[in-house]
Amino acid sequence: MILNGKKVSLGWLLVLVALVCLSVLGLRTDFSENLFDLPGDHLWANVAWMITATIFVLMMTPGLSFFYGGMVRPKNVISTMLQSFIVMGFVSVIWVIFGFGLAFGDDIAHVIGNPFDFFMMKNVGVGNVTEAGDSSQIGLVTTTIPLALFALFQMKFAIITPSLITGAFAERVHFSGYLLFMVLWTVVVYCPLAHCTWHPDGLFGMMHVHDYAGGIVVHAASGIAALAGAMFLGRRRQVKGESTKPANVPFVLLGAALLWLGWFGFNGGSSLAADGIAVSAFLNTNTAAATAMVAWIALDAVRGHKPSAMGAAVGAVVGLVAITPCAGWVTAGQSIFIALFITVCCNMAVAWKGYSNLLDDALDVFPTHGLGGIIGTVLTGVFAYDFFARTDPDMISRGEFFWNHILVLAMVFGYTFIMSYGLYWLTDKIIPMRVSGWNERVGLDSSQHGEEYGNEAALELPSESDWFRGVEEN
């Protein structure tokens with residue numbers, strides 16, 4: 001499309017038009033004053049802690065952008081970081097309009113919520129708080145925190161989950177195609193999984209399958225989607241003699257530090273209160289991250305490698321993933337075992353050359369996040385039973401509790417992989433997911449965004465016509 005003599009993207013024009021229409025529609029929503037009248041008997045400590053935890057969780061996405069951005073080649077740093085950063089905009093808007101309703105609205109068949117319950121945050125405010133056992137509230141029953149705060153907290157989980165997927169297809173995905181896929185994936189995969197797991201009437205909860213802070217919904221789901229993406233998009237094109245070293249290892253350390261700090265809100269906040277479970281989750285989160293970092297370095301050293309900053313950063317993140325499914329329900333001693341066991345598994349998976357020869361999962365998303373979330377959920381079925389058995393008179397047997405976690409993991413793997421692969425295929429038919437050979441050669445920073453990182457701006461690259469001529473000659 002040509003406008004004022006310049007080529008204009010029709011897709012981005014439609015996005016802008018959609019935002020304009022939504023902003024006009026938003027003007028017609030009613031202001032219900034009672035939704036913002038905080039009850040006098042409200043637990044202010046819970047509100048203060050959950051606001052803090054929500055901020056921490058949002059900080060994890062910029063942290064992830066540094067973590068991933070430092071790992072890729074210099075010509076793809078900006079594009080990789082932006083793929084995580086941009087999600088904060090798109091998913092936030094989706095969540096406000098209908099995403100929160102899909103995940104936590106009135107239950108439909110135990111697998112999805114009614115998107116119209118909370119359309120444009122209707123019926124979501126500060127004052128609509130319910131106490132335990134009061135089921136009069138639309139959709140979700142919350143205790144001691146406002147529904148608006150719960151919606152914001154859950155929004156940050158919805159933001160970081162598709163961001164995790166990007167590491168698998170780094171350095172070769174078309175930006176517009178990625179955005180379309182990410183929007184579709186959030187609606188079709190993330191919201192149903194969140195509903196099944198965390199809604200009071202969700203399918204997994206009815207099976208006594210528990211996910212404290214996202215072992216299934218966040219890490220297993222994103223890892224499985226990453227596996228499907230690596231399979232669908234194929235391997236990166238390698239230019240002979242081109243360095244594949246990470247662009248900025250200090251970025252990786254900074255990202256890991258931000259993730260570690262933000263994870264205290266991720267896990268500590270998932271108790272939804274300033275209580276003993278939050279403190280336990282806080283302790284176990286730090287213990288698991290520390291254990292995994294030391295273990296990862298030691299495992300690398302045993303194989304003859306020097307202790308590296310990359311190893312320390314990856315190890316810490318693996319430990320954080322490992323403890324997420326059960327952080328508030330296990331002891332500190334159990335968190336050490338869980339972190340060590342999963343770190344050994346993930347380290348072996350990353351080191352397995354057959355995996356890298358089979359698939360180009362650029363930043364090892366499935367061997368770390370995917371495998372860590374899956375094994376962590378299995379161990380939740382082992383260690384979390386005692387916590388629930390103490391308080392639930394209708395608790396199932398220990399064996400059934402364990403095998404239900406295995407069954408749900410199989411269901412999640414099948415659903416997430418099939419739907420993710422289908423969404424890659426569908427997106428590719430609308431907007432090509434894979435960039436051209438030329439775009440990949442010059443790097444996505446320049447070809448997709450017209451920006452350069454560091455010394456990449458000074459590199460002399462062949463023109464597109466010269467590059468294609470060289471390909472034909474070879």
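Numbers for residues simply follow the sequence, beginning at 1. This structure is a prediction, so every number in the text was calculated from the model and none was measured.
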I'd like to know if D360 and R236 make a salt bridge, using a cut-off of under 4.0 Å between side-chain N and carboxylate O. yes

Would you call the rings of F169 and Y424 parallel, tilted or perpendicular if under 30° counts as parallel and over 60° as perpendicular? perpendicular

State whether R172 and E440 are salt-bridged, where the test is any N-O pair (Lys NZ or Arg NE/NH1/NH2 against Asp/Glu carboxylate O) under 4.0 Å. no

Assign the ring pair F417 / Y421 to parallel, tilted or perpendicular, where the plane angle (0 to 90°) is split at 30° and 60°. parallel

Under a plain distance cut-off of 3.5 Å, with no hydrogens placed, do W260 and N286 share a side-chain donor-acceptor pair? yes

Between R73 and E171, is there a side-chain N and carboxylate O pair less than 4.0 Å apart? yes

Taken to the nearest 0.5 Å, the spacing of L259 CG from I160 CD1 works out to 6.0 Å

Whether F282 and F264 hold their rings parallel, tilted or perpendicular, with breakpoints at 30° and 60°: parallel

Determine whether L258 and M60 make a side-chain contact, defined as any pair of heavy atoms from C-beta on separated by less than 4.5 Å. no

H174 side, atom NE2; F181 side, atom CZ - distance, nearest 0.5 Å: 16.0 Å

Determine whether the aromatic ring centres of residues F251 and F66 are separated by less than 6.0 angstrom. yes

For P162, does its backbone N or O pair with a side-chain atom of T166 as donor and acceptor, under 3.5 Å? no

Without hydrogens or angle criteria, can the side chains of W438 and S447 be said to hold a donor-acceptor pair below 3.5 Å? no

Is there a side-chain contact between M155 and V57 (heavy atoms, below 4.5 Å)? no

Shortest non-hydrogen separation from T377 to G215 and the atoms involved: OG1-C, 3.8 Å

How are the rings of Y68 and H369 set relative to one another: parallel (under 30°), tilted (30 to 60°) or perpendicular (over 60°)? perpendicular

Check for a donor-acceptor pair, side chain of Q448 on one end and backbone N or O of F175 on the other, with a separation under 3.5 Å. yes

Test item: side-chain donor near acceptor, D364 and T368, under 3.5 Å: no

Heavy-atom count around F341 CZ within 6.0 Å, excluding the residue itself: above 12? no

Return the orientation label for the W263 and H219 ring planes: parallel under 30°, perpendicular over 60°, tilted otherwise. parallel

For the residue pair V72 and A170, what are the closest heavy atoms and their distance? CG1-CB, 4.0 Å

May I ask you to check whether over 12 heavy atoms, not counting those of F85, lie within 6.0 Å of atom CZ? no

Checking the side chain of Y212 only, and the main-chain atoms of N267 only, is there a donor and an acceptor separated by less than 3.5 Å? yes

